[in-house]
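Structure record follows, encoded as structure tokens.
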There are 2 protein chains.
Amino acid sequence: MPTPAALDATFQALADPTRRAILARLAQGEASVMELAEPFAMSQPAISKHLKVLEHAGLISRSRDAQRRPCKLEAAPLAEATGWLIEYRKFWEKQFGQLDDLLDELKRLEAMAGKN
Amino acid sequence: MPTPAALDATFQALADPTRRAILARLAQGEASVMELAEPFAMSQPAISKHLKVLEHAGLISRSRDAQRRPCKLEAAPLAEATGWLIEYRKFWEKQFGQLDDLLDELKRLEAMAGKN
DNA sequence: GCGCAATATAACCTGATGGTTCTGAAACCT
DNA sequence: AGGTTTCAGAACCATCAGGTTATATTGCGC
């Protein structure tokens with residue numbers, strides 16, 4: 001049962017393509033700020049700001065490795081957000097029908113996740 | 001495969017408790033602007049603005065009934081957002097373990113939705 | 001201790017957000 | 001036709017978001 005403010009922070013953090021890309025990168029393992037910044041045409045402080053938003057939402061945590069501050073994905077808020085969204089599943093199933101591409105994709109992903 | 005901008009708009013729309021409450025209300029059926037505004041200590045134009053955000057994200061659609069402009073929940077963007085989030089499921093399963101309350105709840109909801 | 005690499009902080013700018021009040025437009029009701 | 005209800009739009013305001021550049025801070029390597 002996430003607090004509304006926690007959902008605010010989570011959805012807010014997810015509402016930016018740079019931050020979603022950072023999370024996708026972190027899904028493959030920890031990374032330093034410089035490593036995270038590299039793909040983006042953006043200054044390092046801009047990335048640090050994005051990381052602060054993600055940290056504030058609890059989506060990442062940071063450790064210490066010499067001068068580096070490696071970032072690690074923390075999935076709990078993602079689970080809470082998914083828990084909130086999943087309650088609407090009956091609505092899109094109703095609106096789409098069983099053959100809808102998107103639902104098929106979703107089911108495939110869920111099955112895949114379930115096998116791990 | 002939602003466009004990044006679509007996910008931006010969806011998550012942005014969800015990042016406000018008033019708008020999430022509006023969606024929850026609409027999950028029980030269509031409602032007019034006045035009906036939606038009633039629970040909130042907020043002016044009617046403020047609600048209209050929130051509805052515009054939701055409409056822009058494709059989360060609601062509006063019809064016409066005399067002076068009323070009934071709002072209806074459109075679940076497709078919710079499905080797309082869920083589709084994006086569900087890819088991280090393996091991460092929270094790994095981080096939480098099988099006994100975590102939140103995961104249990106999520107599984108229960110999914111099972112329930114699957115039966116309908 | 002010095003210089004460099006990695007990161008954070010500060011100050012600043014611009015545009016978006018979330019609220020307000022006031023006004024206007026449509027469609028109903030006698 | 002006149003008043004009422006429902007809603008949207010405009011103008012305004014304060015705050016926040018996302019970017020910049022310039023400046024610390026911190027810890028390594030020599």
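From a predicted model like this one, the values you see are computed outputs, not experimental measurements. Proteins come first, then strands; the chains are lettered A, B, ... in the order of their sequence lines, and each starts at number 1.
A heavy atom lying under 4.0 Å from DNA chain D marks the following residues of residues 14-40 of chain B, by number: B:S32, B:V33, B:M34.
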Within the sub-3.5 Å range, which N or O atoms of nucleotides 21-30 of chain C have a protein N or O partner, and how far apart are they?
none

Close N/O contacts between protein and nucleotides 12-16 of chain C (under 3.5 Å):
none

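Partners of A:K52 under the salt bridge (Lys or Arg N to Asp or Glu O under 4.0 Å) rule, at least two apart in sequence or in another chain, do not exist in this structure. In this structure A:E55 satisfies the side-chain hydrogen bond (donor to acceptor under 3.5 Å, both in side chains) test together with A:R62, sequence neighbours excluded. With sequence neighbours excluded, no residue forms a ring-ring contact (aromatic ring centres under 6.0 Å, His included) with A:F91.
Look at NE2 on A:H56: it is 13 Å from P on D:dG18, rounded to the nearest Å.
Not one side-chain nitrogen or oxygen of A:R68 sits closer than 4.0 Å to the OP1 or OP2 atom of D:dC28.
Every pair tested for salt bridge (charged side-chain N to carboxylate O under 4.0 Å, His left out) that includes a residue from residues 40-49 of chain A fails, sequence neighbours excluded, so the list is empty. Sorted by first then second residue, the ring-ring contact (aromatic ring centres under 6.0 Å, His included) pairs that include residues 58-84 of chain A, not counting sequence neighbours, are A:F11-A:W84, A:W84-A:Y88. Within the structure, every pair that satisfies the salt bridge (charged side-chain N to carboxylate O under 4.0 Å, His left out) test and touches residues 2-24 of chain B, not counting sequence neighbours, is listed here: A:D8-B:R20, A:R20-B:D8.
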Contacts table for residues 64-78 of chain B: side-chain donor-acceptor under 3.5 angstrom, sequence neighbours left out:
unit_1	atom_1	unit_2	atom_2	d
B:R64	NH1	B:A66	O	3.0
B:R69	NE	B:S63	O	3.3
B:E74	OE2	B:S61	OG	2.9

For residues 31-46 of chain B, tabulate all N or O donor-acceptor pairs below 3.5 Å that involve a side-chain atom, not counting sequence neighbours.
unit_1	atom_1	unit_2	atom_2	d
B:S32	OG	B:E35	N	3.2
B:E35	OE1	B:S32	N	2.9
B:S43	OG	B:A46	N	3.4
B:Q44	NE2	B:S48	OG	3.2

